[in-house]
Amino acid sequence: MYVVDWLHKQALHHPHKAALIDSASGEARSYRQVDERASRFAELVRERWRLAPGARVAVLAANSPDYLEMLYGCAKAGVVMVCLNWRLPAGELAPILDDAQPSAFVCGEEFLSVADALLSGHAPLPGAVVRAPATCGPAERGPAVRGSAGAGDVRPAPGTPAGRHAGLPPWPDYEAALEASSGRIVEMPCRPMDEPWYLLYTSGTTGRPKGVIQTYGMTFFNAVHAMLATKLSGDDVLLAALPFFHTGGLNLYANPILFAGGTVVVMRQFDAGEALRWLDSEITQFLGVPVVYLFIAQHPRFAAARFPKMRHWSAGGSPMPLALIGTWAARGVTICFGFGMTETGPSVFIPDEATARAKPGSVGKPVGTMLTRVVDRAGNDCAPNRRGELLIKGPGVTPGYWNNAQATQAAIRDGWLHTGDVAYFDDDGDYWIVDRLKDMFISGGENVYPAEIENLLYQMPGVAEAAVIGVPDPKWVEVGLAVIVLEPGAWLDEASVQAWCRERLAGYKVPRHVRFVDVLPRTPAGKVEKPALRQRFGEPSCNVR
């Protein structure tokens with residue numbers, strides 16, 4: 001099987017239809033324009049930068065229509081896009097660059113200092129470096145790239161103002177770079193299903209960052225799964241609020257919408273007020289992580305919003321508190337909380353609305369072509385309602401990690417991806433994600449799943465956010481420590497939190513320690529960064545703040 005150039009096909013079928021809209025400026029680009037601009041970028045890559053098929057192009061830029069054009073331009077040129085996390089400092093990006101070995105570099109204007117520091121300590125790239133700012137944002141200025149440098153150029157030292165290094169040539173404007181291309185449409189040749197299209201790197205919180213290979217087949221099947229699960233079509237308008245260096249940003253559901261011929265409204269970065277403005281007007285499809293839904297629900301305009309065209313609400317990324325689901329349900333909104341991973345394209349579970357309403361917290365049944373199992377520690381299949389590790393198989397699963405055969409072999413065994421997530425399925429076959437195996441701790445010989453306690457804490461009056469970790473204990477080996485962010489004006493103490501939990505949980509699950517903080521550390525995907533909490537609160541005697 002193979003994948004065709006679906007952007008080009010939509011440009012032929014719907015040349016004047018809006019494909020991409022900049023949420024800040026309102027600028028719309030038609031399918032014909034996006035196809036042409038992606039073709040110009042492909043020509044730049046192939047003929048001016050002279051990159052060979054399979055070469056990597058690293059992109060360090062915020063969300064913008066340009067970003068998606070470059071993604072499809074890389075597909076047309078047959079090169080692999082490396083989607084860099086712009087929230088990382090140069091020191092954390094360096095090992096990713098070393099691993100991906102890109103031949104070209106694209107940078108948003110606001111990240112020039114990070115790029116300078118990164119590239120100054122990196123071996124000269126065998127191609128070109130381009131700096132391209134995003135088109136969204138308060139300034140609402142046109143895209144501008146700051147140039148191209150050959151392999152022999154001297155990189156600026158950290159902190160050196162861009163373009164002022166004696167050995168660095170001027171950095172040309174991005175629009176000028178595209179304009180210099182011929183403008184001929186480049187149609188992507190048919191690509192094999194297993195050919196890499198782009199790389200998405202894991203956070204590296206458990207060690208060396210891993211580049212998850214995203215193939216054309218993974219992206220294609222994810223689009224098919226989205227259509228099956230959400231009835232996505234060319235009539236849909238998506239608000240893309242998650243970062244494009246994350247699978248949720250690109251594939252839930254930006255790429256599927258473009259596959260179907262719909263419209264993607266691109267947010268540079270998530271803003272609750274801006275999101276509400278769009279959700280209350282043109283948007284029909286939306287996916288957010290739980291913290292995104294939390295921030296929207298806390299916005300002063302939330303109570304007055306009517307969401308006139310919204311057709312499907314999705315969530316994922318981390319467990320969604322039942323209290324938050326209830327807040328939205330009170331507004332008549334059914335949030336279909338699903339589950340997936342960067343390694344699965346990501347869609348594995350997207351429940352229908354009936355299941356989401358009847359079983360809040362369930363992720364439903366696996367979608368489309370995806371297969372799942374729940375196994376015990378010996379690898380035996382679990383019976384219904386028995387907890388075990390979730391395994392996933394199907395064409396949406398990655399072939400592995402870039403340049404990391406050891407990690408690939410550890411994660412994918414006998415064709416099954418071992419997720420590291422604890423799950424179970426009920427008598428109806430609907431799945432429930434319990435927690436990460438690595439987040440579970442054992443207290444007095446009993447398994448404790450922090451997500452269960454966190455879900456309860458979110459229902460406690462005065463609690464805005466909560467996270468639970470296991471910490472050492474001389475008697476019980478490990479006990480729970482709850483880290484809580486209070487709602488404005490609320491007051492709670494350790495005893496009141498423990499009393500609330502003790503009335504509703506088994507004794508061994510009640511947190512023995514409670515800490516109050518102003519904000520929880522989060523990953524770019526919106527998940528609570530528990531390694532940071534363990535580092536800060538690993539010993540229960542540590543200070544509160």
Side-chain angles (χ1 to χ4, degrees), residues 3-22 27-51 53-59 61-83 103-106 108 128 130 132-136 142-145 148 173-191 195-198 214 216 219-220 223 238 240 244-245 249-251 254-266:
V3 172
V4 301
D5 189 339
W6 64 67
L7 173 65
H8 179 64
K9 277 188 168 290
Q10 293 298 348
L12 293 176
H13 286 285
H14 313 288
H16 305 298
K17 184 176 182 178
L20 304 174
I21 297 176
D22 179 328
E27 176 205 355
R29 295 180 188 174
S30 69
Y31 271 95
R32 175 180 288 174
Q33 289 174 312
V34 174
D35 192 35
E36 180 190 322
R37 289 172 63 87
S39 296
R40 288 180 180 273
F41 187 77
E43 186 176 320
L44 179 68
V45 167
R46 278 192 326 196
E47 299 184 15
R48 293 177 56 196
W49 296 351
R50 300 188 181 280
L51 300 192
R56 273 75 63 206
V57 175
V59 178
N63 286 10
S64 72
D66 291 344
Y67 200 110
L68 292 171
E69 290 170 351
M70 287 187 284
L71 178 68
Y72 283 85
C74 285
K76 291 174 181 289
V79 298
V80 178
M81 185 162 161
V82 183
C83 306
S103 296
F105 196 101
V106 179
V130 174
T135 59
C136 308
V145 169
S148 155
D173 181 86
Y174 180 62
E175 290 298 323
L178 292 189
E179 202 61 38
S181 299
S182 69
R184 294 189 300 270
I185 298 299
V186 177
E187 182 176 2
M188 181 189 80
C190 294
R191 301 287 184 204
E195 183 175 338
W197 181 0
Y198 50 100
Q214 307 288 303
Y216 289 93
T219 309
F220 168 79
L238 171 78
F244 287 155
F245 60 73
L250 285 180
N251 295 314
N255 278 322
I257 287 283
L258 294 175
F259 179 89
T263 300
V264 179
V265 177
V266 181

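Numbers here simply count residues along the sequence, with the first being 1.
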Exercise. Applying side-chain hydrogen bond (donor to acceptor under 3.5 Å, both in side chains), name anything that partners T219, two or more places apart in sequence or on another chain.
Key: Y198

Practice problem: Just jot down the side-chain hydrogen bond (donor to acceptor under 3.5 Å, both in side chains) partners of Y31, sequence neighbours excluded, or say none. | Solution: none

Quiz item: Who are the salt bridge (charged side-chain N to carboxylate O under 4.0 Å, His left out) partners of R40, not counting sequence neighbours?
Solution: E36

Quiz item: By side-chain contact (heavy atoms from CB on, under 4.5 Å), which residues pair with V265, not counting sequence neighbours?
Solution: I21, S23, V237, L239, W278, I283

Practice problem: Give a yes or no answer on whether the side chain of N63 reaches the backbone of F244 with a donor-acceptor pair at less than 3.5 Å. | Solution: yes

Quiz item: What closest approach, in Å, do A180 and R48 show between heavy atoms, and which atom pair accounts for it?
Solution: CB-NH1, 3.5 Å

Please table the atom pairs, donor to acceptor, closer than 3.5 Å between any side-chain atom in residues 6-17 and protein atoms at least two apart or in another chain.
from, atom 1, to, atom 2, distance (Å)
W6, NE1, Y72, OH, 3.0
H8, ND1, D35, OD2, 2.9
Q10, NE2, F259, O, 3.0
K17, NZ, G234, O, 2.4
K17, NZ, G261, O, 2.7

Quiz item: Listed by chain and number, what are the salt bridge (charged side-chain N to carboxylate O under 4.0 Å, His left out) partners of R191, not counting sequence neighbours?
Solution: E195

Quiz item: Between K76 and E187, which heavy-atom pair has the shortest distance, and what is it?
Solution: NZ-CA, 4.2 Å

Quiz item: Listed by chain and number, what are the side-chain hydrogen bond (donor to acceptor under 3.5 Å, both in side chains) partners of E69, not counting sequence neighbours?
Solution: R29, R37

Self-check item: T263 side chain to A18 backbone, donor-acceptor under 3.5 Å
Solution: yes

Self-check item: Partner of V79 by side-chain contact (heavy atoms from CB on, under 4.5 Å), out of C74, S103, P196
Solution: C74

